Structure formats: C-alpha cells, structure tokens
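Comments concern the structure below.
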Amino acid sequence: MIPLLRSPETLTAFGESASDGVDTAMKLLAHRYRRTVLQYLEDKDGSATLTELAVEIATQDAATEPNAISDHGDVSARERRTARISLHHIHIPKLAAADVIDYESETETVTLRERGRTLLERDDAIRGLGNVE
C-alpha cells in the first residue's frame, strides 16, 4: 500500500503558536525555488508572471546571465519548461496555500503578499547568522 502524502494544508498558514509559525516558515524556505520566487517578487515590486519566474530559476540553475541578444541567456527551452512545471505544480501552490503569494491562474501572475515579505525577513535573519559553529 502506498503511504498517504501529507496534505498541503499541513504546510499552509503560519500556525497559532510561535513554534508552528517557525516550522511553517522553515518548510516554505527550505527549497531554493521558493526563496528565489519570494526574492524575485520583492525585487520586481511584488509582481511577476510564472514565465518570468521560470526564466529566473532556470537561469540560476544554469548559472548564466541574460544578455542583450536574448533575454534568456544560454538557458534552453527545456530548462525553462522544467522550472515552470516545478513552480506551477509544487512551489507556487505551497506559497499560495500559506497566503504568502496570490496566484491569478488566468494571467499566470504571481503577487507577493505581506506574509511573503514577513517570510523574506525571516529568511534574511537566517542568512544573517552566517556560519555558526
């Protein structure tokens, strides 16, 4: 028998207690794609399309920079598609379920919410710790 996956609701809104909120924040920040989405939205005044986010992630994965000839640098269509599928089916739903972003499916627009900014602050605080020994 296949074990049941935990429902997305278990990763949703910041919990009632402080430890629940920390656990949820850590789960949401655990994957680089979700951190990249939040940071990209913050850098782009809070809104971007799914395609823009996929290009950003694929570019980071390929460690290339967009250039004047092509907005997508050396990132292949396959890499962009892979990032887009992952965002669409995994990362955007988790962030939306936690009220960190809003996602408009008709326009494929992702918008950063206030909880997303709070989550970014938590991420910044974690990064500020540096290498703790």
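Since we're looking at a predicted model, the values are computed, not measured.
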Side chain [X], main chain [Y], donor-acceptor under 3.5 Å:
X     : Y     : answer
Ser86 : Thr82 : no
Arg34 : Leu29 : no
Arg35 : Ala30 : yes

Revision key, fill the gap. Hits for salt bridge (Lys or Arg N to Asp or Glu O under 4.0 Å) against Glu42, two or more places apart or cross-chain, chain-then-number order -> Arg117
Do you know the tightest heavy-atom contact between [X] and [Y]?
X     : Y     : answer
Leu41 : Ala48 : CD2-N, 3.6 Å
Val75 : Ala62 : CG2-CB, 4.1 Å
Ala83 : Ala54 : CB-O, 3.7 Å

Check your understanding: Between Tyr103 and His88, how do the two ring planes meet: parallel, tilted or perpendicular, split at 30° and 60°?
Key ->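 Aromatic pair Tyr103/His88 classed perpendicular.
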**Study point:** Audit row: Gln60, Arg32, side chain to side chain contact (heavy atoms under 4.5 Å, CB included) steps and yes/no
**Key:** CA-CA 10 Å; Gln60 287 184 12; Arg32 183 178 58 81; 3.4 Å; yes
Check your understanding: Are the charged groups of Arg84 and Glu108 less than 4.0 angstrom apart, N to O?
Key -> yes
Point to revise | Residues Asp123, Arg127: salt bridge by 4.0 Å N-O rule | key: yes
Exercise for review: Would you mind telling me which of Ile57, Leu53, Leu87 makes a side-chain contact (heavy atoms from CB on, under 4.5 Å) with Thr36?
Suggested key: Ile57
Check your understanding: Mind checking whether Ile101 and Met26 sit in one hydrophobic cluster, side chains of I, L, V, M, F, W, Y counted as touching below 4.5 Å?
Key ->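 Yes, because Ile101 and Met26 connect within a single hydrophobic cluster, where side-chain heavy atoms sit under 4.5 Å apart.
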**Study point:** Minimum side-chain heavy-atom gap Asp61-Tyr33 below 4.5 Å
**Key:**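 A side-chain contact under 4.5 Å exists here.
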